[in-house]
There are 2 protein chains.
Amino acid sequence: MVTIADVARHAGVAASTVSYVLSGKRTISTDTRERVQRSVHALGYRPNASARALASQRSNVLALVIPLRTGMHVPVMMQFATAVVTTARRFDHDVLLLTADEGPDGLERVAQSSLVDALVVMDVELHDERVPVLRELPMPSVLIGYPDDADGLTCIDLDFVAAGAHCVDHLADLGHRSLALLGTPSAVYERQTGFAQRTLTGFVEAAERRGVLGVETPCEHTFDAILHTVEQLLSDHPDITGLVVQNEPIIGPLLDVLRRLGRRVPEDMSLVAICADDVAERQVPQLSSVSIPAERIGDQAVESLITKLEGGDVPGLTLVPPTLTARGSTCPHVDLTTA
Amino acid sequence: MVTIADVARHAGVAASTVSYVLSGKRTISTDTRERVQRSVHALGYRPNASARALASQRSNVLALVIPLRTGMHVPVMMQFATAVVTTARRFDHDVLLLTADEGPDGLERVAQSSLVDALVVMDVELHDERVPVLRELPMPSVLIGYPDDADGLTCIDLDFVAAGAHCVDHLADLGHRSLALLGTPSAVYERQTGFAQRTLTGFVEAAERRGVLGVETPCEHTFDAILHTVEQLLSDHPDITGLVVQNEPIIGPLLDVLRRLGRRVPEDMSLVAICADDVAERQVPQLSSVSIPAERIGDQAVESLITKLEGGDVPGLTLVPPTLTARGSTCPHVDLTTA
DNA sequence: AAGGGGTGTCGAAGCGCTTCGACTGGGGTA
DNA sequence: TACCCCAGTCGAAGCGCTTCGACACCCCTT
């Protein structure tokens with residue numbers, strides 16, 4: 001393995017000069033610089049990551065903590081992860097993958113051993129035991145999602161309150177007076193997961209504000225559960241004509257269930273989903289939806305982290321505004337009683 | 001940050017003694033050992049990863065290269081990734097996440113900079129440009145999937161040839177005489193992806209062996225594509241009564257399409273999927289399927305890698321035998337012409 | 001009683017890099 | 001002409017750990 005000393009010898013300079021050529025931290029004459037660069041290429045030199053990290057106190061590695069939990073929608077997570085890795089590489093960093101099941105100890109481990117320079121933590125709960133740890137850690141971190149007490153933290157998330165409200169507004173604007181939120185599995189609510197709770201809040205508040213009925217129910221992933229949940233919902237509230245769905249894996253079966261129950265989408269039942277665009281577009285009919293800008297959020301998380309690493313300031317909480325795209329699954333409600 | 005010297009001072013021993021206590025590479029008296037361990041706890045000492053890596057020439061980090069490609073089924077990949085991380089942790093290793101879009105250069109980068117000790121490469125194509133690089137790298141690697149020329153490599157994969165054959169045998173045993181393979185999107189075949197090609201091979205060979213009709217067609221992910229593909233298939237071959245599906249995301253819509261076309265599953269059309277068990281079980285009816293043992297393969301990959309790191313020998317190619325679970329989507333074919 | 005072989009511990013070297021301070025020489029200034 | 005400054009380069013000192021050889025010391029053997 002070729003070292004910096006080999007390069008220095010080959011170029012006829014000191015090792016430190018090679019280092020400065022590579023880092024650009026001191027001015028080097030054009031002549032020397034080019035000679036060194038030629039040697040680097042000729043020898044195929046790659047700086048040793050550990051040596052560099054040891055000397056510079058920087059590993060150039062970010063930790064990414066991904067959830068492994070029930071009810072999480074995997075493709076969206078993968079989009080986050082991909083965005084994080086890609087953006088990290090843009091800033092010359094690599095990504096160490098941690099699973100949430102290592103818990104707070106895992107964070108301490110990688111942080112205190114200087115394995116990583118900073119952390120990105122996904123799927124943060126409202127009362128997350130990792131949050132106090134993150135606060136004490138001697139390195140910056142960014143949360144995707146945000147806890148109840150976000151003091152001193154940097155958090156980025158889609159504004160799910162607004163997302164829930166947007167869905168209600170869209171349906172209310174179309175004349176719907178009775179709406180339901182078909183949510184994530186109940187385990188997700190019980191965990192006090194931020195995005196689920198906040199969507200619910202936005203949904204309930206907006207329904208109240210608009211003076212429409214807004215009921216909500218969690219929903220498990222199996223076909224039978226979906227069928228049962230919807231049947232129950234429609235028998236309890238037969239006048240419901242608008243559905244908000246925040247539960248990506250049930251979308252396909254749900255359309256089935258509605259069909260089976262004789263409810264046409266959108267004629268008998270308007271439907272807005274909170275899901276990735278490609279999922280919405282793949283359905284028949286294509287779904288009106290609030291999309292999850294996973295890539296944008298992942299990018300943003302890494303950019304903030306890099307900024308913090310460089311000593312810059314970033315906002316404590318960045319809420320990405322949701323956008324609703326109307327597609328074929330929503331239409332105006334024709335009120336038969338006044339028609 | 002507390003260093004090994006701090007621990008040594010606190011315990012009244014030399015730094016090297018602390019090191020030996022921690023690594024167990026030399027015998028240490030019970031007395032000293034316990035004293036050192038107490039100091040380690042008291043001070044909350046964590047060895048610095050870079051220093052350790054530099055001195056020992058081992059980073060204790062594995063690279064995991066995941067695909068980011070069209071047509072890959074994300075949840076299965078995630079299962080692989082999760083298994084790899086979890087198993088790596090069991091062996092006291094961490095996992096660096098690389099995306100395939102860094103290509104062969106990415107492998108060289110992390111390997112030659114000693115960022116990682118070994119690599120796990122997923123989604124290997126029959127003619128994969130990363131394979132020659134992997135051969136030359138000064139560290140062990142394990143491929144999930146395997147290329148045409150696997151000489152000198154360690155590969156682990158589900159035996160997809162057998163998987164394809166199993167599906168045919170299952171259907172043929174039930175009396176079906178005309179079968180179709182509904183495969184991955186054509187882009188996956190064009191890339192010469194191993195699992196798709198091999199399943200096809202197994203399917204075709206088994207059909208021939210069993211003397212049944214076996215036609216195959218790729219299938220894109222959109223609903224319209226599925227509808228069109230199936231219509232075309234059934235109009236070209238109206239006597240098809242058995243379907244093998246290797247394309248996880250289309251499974252839900254496909255069941256829809258069949259219903260819409262008036263084909264009941266399994267009465268009019270038996271269906272075997274090659275997919276994760278939970279996907280098969282979530283459908284109505286539950287699908288007979290060959291499962292993808294992602295966890296087992298991921299575990300195995302890491303175990304082989306660790307064995308290689310320790311100088312042990314591992315088989316060049318490990319083919320995990322597929323298992324077919326019969327569920328509600330297949331039933332005996334009643335031949336109306338002889339009935 | 002002398003010698004030999006373990007066992008347990010220490011000190012120092014070194015892993016490959018960054019970075020600091022110091023040095024040199026040439027060009028500008030006074 | 002003397003001086004200063006700056007650009008450009010070097011050497012050395014670490015960064016925090018592992019590991020090798022050496023060294024005591026004790027117990028056992030003969």
Side-chain angles (χ1 to χ4, degrees), chain A residues 1-37 39-40 43-61 92 109-117 138, chain B residues 1-37 39-40 43-61 92 109-117 138-139 309:
Chain A
M1 202 96 301
V2 25
T3 75
I4 201 172
D6 298 326
V7 176
R9 207 171 307 121
H10 186 273
V13 298
S16 51
T17 301
V18 175
S19 178
Y20 286 124
V21 167
L22 260 31
S23 71
K25 292 192 181 175
R26 284 201 182 174
T27 50
I28 299 286
S29 67
T30 313
D31 180 47
T32 308
R33 186 170 355 104
E34 289 176 351
R35 196 146 33 88
V36 168
Q37 281 161 348
S39 298
V40 165
L43 302 181
Y45 170 65
R46 303 257 192 184
N48 179 298
S50 317
R52 178 174 275 200
L54 180 57
S56 67
Q57 318 270 40
R58 276 294 177 80
S59 67
N60 273 32
V61 175
D92 198 30
R109 185 177 62 80
V110 298
Q112 293 179 357
S113 66
S114 298
L115 231 190
V116 304
D117 293 334
Chain B
M1 202 98 298
V2 25
T3 74
I4 201 172
D6 298 327
V7 176
R9 208 170 307 123
H10 186 273
V13 298
S16 52
T17 302
V18 176
S19 179
Y20 286 124
V21 168
L22 261 29
S23 70
K25 293 193 180 173
R26 282 201 183 174
T27 50
I28 299 286
S29 66
T30 312
D31 180 46
T32 308
R33 187 172 350 107
E34 288 175 353
R35 196 148 31 87
V36 168
Q37 281 161 348
S39 298
V40 165
L43 302 182
Y45 170 64
R46 304 257 191 184
N48 179 299
S50 316
R52 179 174 273 199
L54 180 58
S56 68
Q57 319 270 39
R58 275 296 176 80
S59 66
N60 273 33
V61 175
D92 198 29
R109 183 175 64 80
V110 297
Q112 293 179 356
S113 65
S114 298
L115 231 189
V116 304
D117 293 335
M139 60 181 59
L309 276 172

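In what follows, chains carry the letters A, B, and so on, assigned in the order in which the sequence lines appear, proteins first and then strands, with residues in each chain numbered from 1. Since the structure is predicted, the reported quantities are computational estimates derived from the model, not experimental observations.
Whole-Å rounding puts the B:Ile4 CD1 to D:dC15 P distance at 14 Å. Rounded to an integer number of Å, the gap from CD of B:Glu34 to P of C:dT9 is 12 Å. The nearest whole Å value for the distance from the CZ atom in A:Arg9 to the P atom in C:dC17 is 12 Å. At whole-Å resolution of the value, CD in B:Gln112 and P in C:dC17 are 13 Å apart. The nearest whole Å value for the distance from the CZ atom in B:Arg46 to the C1' atom in D:dC17 is 17 Å. D:dG14 atom P lies 18 Å from atom CG of B:Asn48, rounded to whole Å. Here C:dC10 presents its P atom at 15 Å from CZ of B:Arg33, a figure rounded to the nearest Å. Rounded to whole Å, atom P of C:dG16 lies 15 Å from atom CZ of A:Arg52.
Of the side-chain N and O atoms in B:Ser19, one or more sit less than 4.0 angstrom from OP1 or OP2 of D:dT18. Applying the 4.0 Å criterion to OP1 and OP2 of C:dT18, one finds that A:Lys25 has every side-chain N and O outside that range. Taking only side-chain nitrogens and oxygens, B:Tyr20 never comes nearer than 4.0 Å to OP1 or OP2 of D:dC17.
In this structure, the nucleotide among D:dC17, C:dC17, C:dC15 sitting nearest to the side chain of B:Gln57 is C:dC15. Among C:dT18, D:dG11, C:dC17, the nucleotide with an atom closest to any side-chain atom of A:Ser56 is C:dT18. In the set D:dG14, D:dC17, D:dC10, D:dC10 carries the atom at the smallest distance from any side-chain atom of A:Ser16.
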- Going through the checks in order, is the side chain to side chain contact (heavy atoms under 4.5 Å, CB included) test met by B:Val13 and B:Val18? CA-CA 7 Å; B:Val13 298; B:Val18 176; 3.8 Å; yes
- Task: Please step through side chain to side chain contact (heavy atoms under 4.5 Å, CB included) for the pair B:Arg33 and B:Thr30, ending with a clear verdict.
- Result: CA-CA 5 Å; B:Arg33 187 172 350 107; B:Thr30 312; 3.9 Å; yes
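Residues A:Thr17 and B:Arg35 both approach DNA chain C. Their nearest nucleotides, taken by heavy-atom distance, put B:Arg35 toward the 5′ side.
For the atom pair OG1 (A:Thr32) and CD (A:Gln37), the distance works out to 10.5 Å, reported to the nearest 0.5 Å. Interatomic distance, NZ of A:Lys25 versus OG of A:Ser16, reported as 13.5 Å (0.5 Å rounding). The line from CE of B:Met1 to CG of B:Asp6 is 10.5 Å long, rounded to the nearest 0.5 Å. Once rounded to the nearest 0.5 Å, the distance linking CE of B:Met139 with OG of B:Ser114 reads 5.5 Å.
Contact of the B:Val36 side chain with the B:Ile28 side chain is not registered, since no non-hydrogen atoms from C-beta on lie closer than 4.5 Å.
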Listing time: all N or O pairs from protein to nucleotides 5-8 of chain D that are below 3.5 Å?
{"residue": "D:dG8", "atom": "OP2", "partner": "A:Thr27", "partner atom": "OG1", "Å": "3.2"}

